[in-house]
Number of protein chains: 2
Amino acid sequence: MSDAEQTRQNILTVAADEIHQHGFNATSLSVILNRCEISKGALYHHFTSKMALGYAVFEEIYTPEFLELWQSALTVEDPVEGLCDFFTSMTEQMSCSEVVCGCPLNNLCEEMANVDEGFRLRILSMQEQLNQLIVDALMKISDDLREGLAFSQVGYFIVATLNGATTLSKSSRNKELFQQVIAELCFYIRALKK
Amino acid sequence: MSDAEQTRQNILTVAADEIHQHGFNATSLSVILNRCEISKGALYHHFTSKMALGYAVFEEIYTPEFLELWQSALTVEDPVEGLCDFFTSMTEQMSCSEVVCGCPLNNLCEEMANVDEGFRLRILSMQEQLNQLIVDALMKISDDLREGLAFSQVGYFIVATLNGATTLSKSSRNKELFQQVIAELCFYIRALKK
DNA sequence: CTTGCAACATACCAAGCGGTCGGTTATTCT
DNA sequence: AGAATAACCGACCGCTTGGTATGTTGCAAG
């Protein structure tokens, strides 16, 4: 990787962390510059604006990370148990800062979806991709599932509940609440089976 | 109501709307001043800081509105159907702006819970109150419900899913997604019964 | 009638923001 | 080697922000 590319990646990584912690608007470019130990000129050489940087973080950091995570949870023999394991392991290995900061995508959806069209469309696309992953996984084992299930609806329900759980636990600052909701969610998911 | 009290109420109402639309940090005092047609001196006569105004909006506008709404949904003969009716009517009478702006309390939780302790504690208290409302309602009809249910867990699950649904639909800008999640949520709630 | 305080108005401030621009160094291509 | 361009620097700009200090008005009590 060239030096320039390394600089760019460094900016992306730091920006992703800052946006995760403080949201997009509350993220200050000067903080990113300090953490990267670069000048404002360097940043604006690689990104045309703060917004462009935000989009790049979304596309090059959050999206791949996110999809990979869900994919690995769903491409198992039994996606129902795969999801439950995925959620349960989240509650276990969840650090304190992750409880506090929540899910980057959920955060951005909250903050930016009704403010900036660029973010909105990117988030929407991401959600649809994620939903498709779940739908595909459920369809694979549809023989084992209850009849009359609306897969897409179920997929959005799962994602909504998970996001709601992360938001909810921000106020209590501990995992307990999150774990409770997840436990109930796993119960719901397992009940999808015959 | 005295003129001064009227001014104060007007500030609260406008601020509540602005915070709902743009979040706390993105809400500009100057916008509030313009909409209220008052001076900065007037605002700072009634509130010591922007933060204090935010707290007042939370306590005097959001909290009572919120509790009243849920209370009326839960203090019916059958709270299970009461909740389902409540959610379903939400999807029906939901205006476009409400889809876009989401739930004020959920928004504040996302934005402020990990930034300001004052907001965090107020939100936490609110969530606990709401959960208690649900738990109480469920306990009243516990004879009709499945055995071994963790009421508190169920309560938080319902709230989490509802919040997640509002956040999710921000990106699609229409009710459809929200309705789907709500439909699935009602299915879950009804399945609490024997 | 005057004294006093609540209820405002207005001008001002420092700090931080995203963004720009002219200049400098490093690298790469011919 | 020399020219061109990528990569980066840092001072500066306009603007908005929350907040303050001083001044003014009007009602109400003594």
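Reminder, nothing fancy here: chain letters follow the sequence lines and each chain counts from 1.
Aromatic ring centres of F187(A) and F157(B) lie farther apart than the 6.0 Å criterion allows. Here the two rings, on F24(A) and F119(A), have centers that are under 6.0 Å apart.
Within the model, atoms CZ of F58(A) and CG of L53(A) stand 14.0 Å from one another, a figure rounded to the nearest 0.5 Å. The CG atom of D143(B) lies 6.5 Å from the NZ atom of K194(B); values are rounded to the nearest 0.5 Å. Atom CG of residue L105(A) and atom OG1 of residue T167(B) lie 12.5 Å apart, to the nearest 0.5 angstrom.
Here L43(A) lies out of heavy-atom contact (under 4.0 Å) with every strand.
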If you restrict it to nitrogen or oxygen atoms, what contacts under 3.5 Å exist between nucleotides 27-29 of chain C and the protein, and what is each distance?
none

Please list, pair by pair, any protein nitrogen or oxygen found under 3.5 Å from a nitrogen or oxygen in nucleotides 22-26 of chain C.
none

Protein-nucleotides 21-28 of chain D N/O pairs under 3.5 Å:
none

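Using a 4.0 Å cut-off, some side-chain N or O of H45(A) falls inside it from OP1 or OP2 of dA7(D). The phosphate of dC8(D) has OP1 or OP2 within less than 4.0 Å of a side-chain N or O from H46(A).
Sequence neighbours left out, the pairs with a member in residues 171-183 of chain A that pass side-chain hydrogen bond (donor to acceptor under 3.5 Å, both in side chains) are S171(A)-Q127(B).
Remark: C1' of dG18(C) and CG of L53(A) are 12 Å apart, rounded to the nearest angstrom. In this structure, CD of E37(A) is placed 10 Å from P of dC9(D), rounded to the nearest angstrom. The distance between atom OH of Y44(B) and atom P of dT20(D), rounded to the nearest whole Å, is 7 Å.
Note on L185(B): it clusters hydrophobically with F151(A), by side-chain heavy-atom contacts below 4.5 Å among ILVMFWY residues. Residues L124(B) and L177(A) do not share a hydrophobic cluster, clusters being chains of Ile/Leu/Val/Met/Phe/Trp/Tyr side chains in contact below 4.5 Å.
Across residues 6-33 of chain A, T7(A) each have a non-hydrogen atom less than 4.0 Å from an atom of DNA chain D (numbered order).
Taking the side chain of S39(B) as heavy atoms from C-beta on, and the options dT10(C), dG19(C), dC9(D), the nearest nucleotide is dT10(C). Counting only heavy atoms from C-beta on, K50(B) has its side chain closest to dG19(D) among dA9(C), dG19(D), dA6(C). Distance from the side chain of A4(A) is smallest to dA7(D) among dT20(C), dA7(D), dG19(D).
With sequence neighbours excluded, no residue satisfies salt bridge (charged side-chain N to carboxylate O under 4.0 Å, His left out) with E92(A).
Salt-bridge formation is not detected for the pair K170(B)/E111(A): no Lys NZ or Arg NE/NH1/NH2 atom is positioned less than 4.0 Å from an Asp or Glu carboxylate oxygen.
Under 3.5 Å, the side chains of E68(B) and S72(B) contain no donor-acceptor pair of N or O atoms. There is a side-chain donor-acceptor pair under 3.5 Å between Y188(A) and E184(B). No side-chain N or O of N114(A) forms a donor-acceptor pair with one of Q21(B) less than 3.5 Å apart.
Classification of the W70(A)-F66(A) ring pair by plane angle, with boundaries at 30° and 60°, yields tilted.
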